[in-house]
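Data block below; observations after.
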Amino acid sequence: MLDVPSHSHFLSIKRVSKNFTSRSDTVRALSDIDLDIRAGEFVSIVGPSGCGKSTLMMLVAGLTKASGGEILVDGRRIEKPNSDIGIVFQRDVLLDWRTAIQNVLLQAEIRKLDVTAATERARHLLKMVGLDGFEKSYPHELSGGMRQRVSICRALLHKPPLLVMDEPFGALDALTRDQLQLDLLRIWSETRMTVVFITHSITEAVFLSDRIVVMSPRPGRIERLIDIDMPRPRRLAMRETKQFAAYTQEITEIFMKLGVLREEGDA
Amino acid sequence: MTSADLSPPAPPVGGWGEWRIPYALITLVVFVVAWETIARIINLPMYLLPKPTDIVASLYENWALLVVNGGVTLTEIIFGFVIAVLLGVPLATMIAHSPVVDRAIYPLIVGSQTIPKAAIAPLLLAAFGYGLTPKVTIVAMMSFFPIVINSVVGFKSASPEMLHLAYCTGATQMQIFWLFRLPQAFPSIFAGMKLAAVLSVIGAVVAEFVGSQAGLGYVILVAGSNFRMDQQFAAIIFLSAMGMILFWAIGLAEKKVLPWHVSMRSQADG
Ligand SMILES: Nc1ncnc2c1ncn2[C@@H]1O[C@H](COP(=O)(O)OP(=O)(O)OP(=O)(O)O)[C@@H](O)[C@H]1O
Ligand SMILES: [Mg+2]
């Protein structure tokens, strides 16, 4: 399906670890993470709170330095903030003083992109996520879901080859969340970028991904890699299939074994 | 602090529309009428407390005097205020950006607030004479503090995520300042300027009390020594009106510069 050979790793995380040192002690947040992600792959990272998912994203984005190991994106070592990527946070981080389209065009302003072309693309992106007619609305005039859509458009304006998202739908209601998952998959299938998607939700991870990285509690390490072998485009109804249930079951069991999930009666 | 913030919410339905019942105005009218009535009944002498009608008459009679001296006071206020903004906001950016400057200067600025400005006024008078300079200096000193403090808070209020976003778009330090930090700080800067406007009026009058040959503070002093309480009240009312207009003008500027913020705030109010 992809014209990129499968051995080419777009994102390589090599024996990466991260310690946070404070006056009193050192917290090991990530330990020996090894992960290769192909170009165009949609990878989700699931793991318990505090296992270092956000830290991993910060490392990929070049926003913090690893304590050990190295990260390569498209063959280049990440040593400073990586401005080639698109980034989406749990909070939408829209600028209150800019309208929806101005928020998206922030990228164009900073990167000094051609204004006419960028404006056209911004309009197109907003339309793609169902926000046509809201271009001139200020963030406080938009709902939580709409705001997060704007921030996704902002992350996509410069056509990044890699999109990293840290629990982008975590604060949204179930319906909005479903819709945004579908929107995201559609955009991804059109652009063929590589996506690293962090989530707490096992079903969300299974629904979206080609592959799931299951992480253990702190110090975070990779517990298991699971290929999700389900057809695309994904449909909401697939969440009711046996295959889907088997995947969520598999991940749930890993978390139970790790003691992240406990049921009554467990020893 | 503006009257719009204090006024009650509009009645839910009916023909009132945008119109709000001016409760504060009603209170004021009742108060003034009661004052006038009581003063007439007990025949209060003017040197103790003038009647509202005496004050209005005095405002009318002394209008030219009030305008001329009000102009002097306003000049002191505006010069002092502008100097405070021009020094305070850039200093605040330095404090917010550099931990060294923060630790070297910020405690001194906060500490200097314990110095009563009125006590410095005689010193400044001795140094600069009776002219404009000592008054402008006092006004600037009074306005400086709220402007710096609020601006620092504003410049520091950019969230870590916002800065992460900035770095991931490849923004330069200059772009981060102009596109992120400064707009983010604007609401706080305006809040500081509103506080400063109120304080600058006080500063100007205090400075004039200490030593002057013109200005509304001077008018109040002279009227007091002549037992013309009506003139004193007239000057005070004129002064308050000036302060209110100043406050309102800053609010207007805020609306122009930050339409998003003003509508966000009114939304939060209900
Ligand atoms: N700046 C920091 N200083 C010190 N410790 C930190 C810092 N950032 C993260 N940590 C620690 O590193 C660990 C991993 O944090 P991280 O935010 O990456 O977890 P997470 O998996 O994203 O959790 P969540 O799912 O709750 O968002 C946590 O135990 C946290 O206490
Ligand atoms: Mg996190």
Side-chain angles (χ1 to χ4, degrees), chain A residues 54-55 57-64 73 78-100 102-113 118 136-142 150-152 154-158 160 162-168, chain B residues 4-5 89 93 96-97 99 150-151 153-193 251-270:
Chain A
S54 298
T55 306
M57 181 182 88
M58 297 282 284
L59 289 167
V60 170
L63 293 167
T64 51
V73 176
I78 298 300
E79 272 156 347
K80 57 177 179 46
N82 185 350
S83 57
D84 288 339
I85 63 170
I87 192 163
V88 179
F89 300 91
Q90 175 161 10
R91 290 199 315 114
D92 48 68
V93 207
L94 295 185
L95 307 184
D96 289 328
W97 53 91
R98 287 171 163 254
T99 60
Q102 285 171 345
N103 262 288
V104 177
L105 287 170
L106 179 74
Q107 292 266 21
E109 247 169 83
I110 295 175
R111 296 169 190 276
K112 308 217 156 59
L113 306 179
K136 295 210 168 78
S137 300
Y138 281 97
H140 72 270
E141 297 165 335
L142 301 173
V150 175
S151 83
I152 292 171
R154 179 180 58 196
L156 295 174
L157 186 79
H158 58 297
L162 173 63
L163 178 67
V164 294
M165 308 174 95
D166 188 0
E167 300 188 37
Chain B
D5 290 347
V89 176
T93 68
H97 281 227
N150 280 280
S151 303
V153 170
F155 284 118
K156 282 187 176 172
S157 68
S159 67
E161 283 131 318
M162 194 180 277
L163 297 175
H164 289 154
L165 174 79
Y167 293 133
C168 281
T169 54
T172 62
Q173 284 300 323
M174 271 307 202
Q175 287 174 322
I176 290 178
F177 179 77
W178 290 108
L179 292 173
F180 295 84
R181 286 195 193 268
L182 185 64
Q184 176 76 24
F186 264 140
S188 293
I189 294 175
F190 270 105
M193 293 206 302
L252 200 71
E254 187 184 28
K255 225 177 214 162
K256 276 265 177 295
V257 181
L258 317 172
W260 56 274
H261 178 67
V262 175
S263 72
M264 221 162 116
R265 194 174 50 200
S266 62
Q267 208 175 47
D269 285 350

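Within every chain, numbering begins at 1; the chains are lettered A, B, ... in the order of the sequence lines, protein sequences first and strands thereafter.
- Looking at B:Phe186, neither its backbone nor its side chain comes within 4.5 Å of chain A, counting heavy atoms on both sides.
- Nearest approach of B:Leu179 to A:Trp97, heavy atoms of both residues: O-CZ2, 3.3 Å.
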Report all side-chain donor-acceptor pairs from residues 85-96 of chain A shorter than 3.5 Å, counting only partners two or more places apart or in another chain.
unit_1: A:Arg91; atom_1: NH2; unit_2: B:Glu161; atom_2: OE1; d: 3.1
unit_1: A:Asp92; atom_1: OD1; unit_2: A:Leu94; atom_2: N; d: 3.2
unit_1: A:Asp92; atom_1: OD1; unit_2: A:Arg147; atom_2: NE; d: 3.4
unit_1: A:Asp92; atom_1: OD1; unit_2: A:Arg147; atom_2: NH2; d: 3.0
unit_1: A:Asp92; atom_1: OD2; unit_2: A:Arg147; atom_2: NE; d: 2.9

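- Counting heavy atoms from C-beta outward, A:Met58 and B:His164 have side chains that approach closer than 4.5 Å.
- Only the side chain of B:Ser159 comes within less than 4.5 Å of a heavy atom of chain A; its backbone N, CA, C and O stay farther away.
- To the nearest 0.5 Å, atom CG of residue B:Leu165 and atom CG of residue A:Asn103 are 9.0 Å apart.
- Chain B forms more heavy-atom pairs under 4.5 Å with one residue of A:Lys80, A:His158, A:Arg154 than with any other, namely A:Arg154.
- Heavy atoms of B:His261 lying under 4.5 Å from chain A are absent altogether.
- Of all the heavy atoms in A:Leu63 and B:Cys168, the pair that sits closest is CD1-SG, 3.9 Å.
- Scored by the side chain to side chain donor-acceptor pair (under 3.5 Å) test, B:Arg181 finds no partners at all (sequence neighbours excluded).
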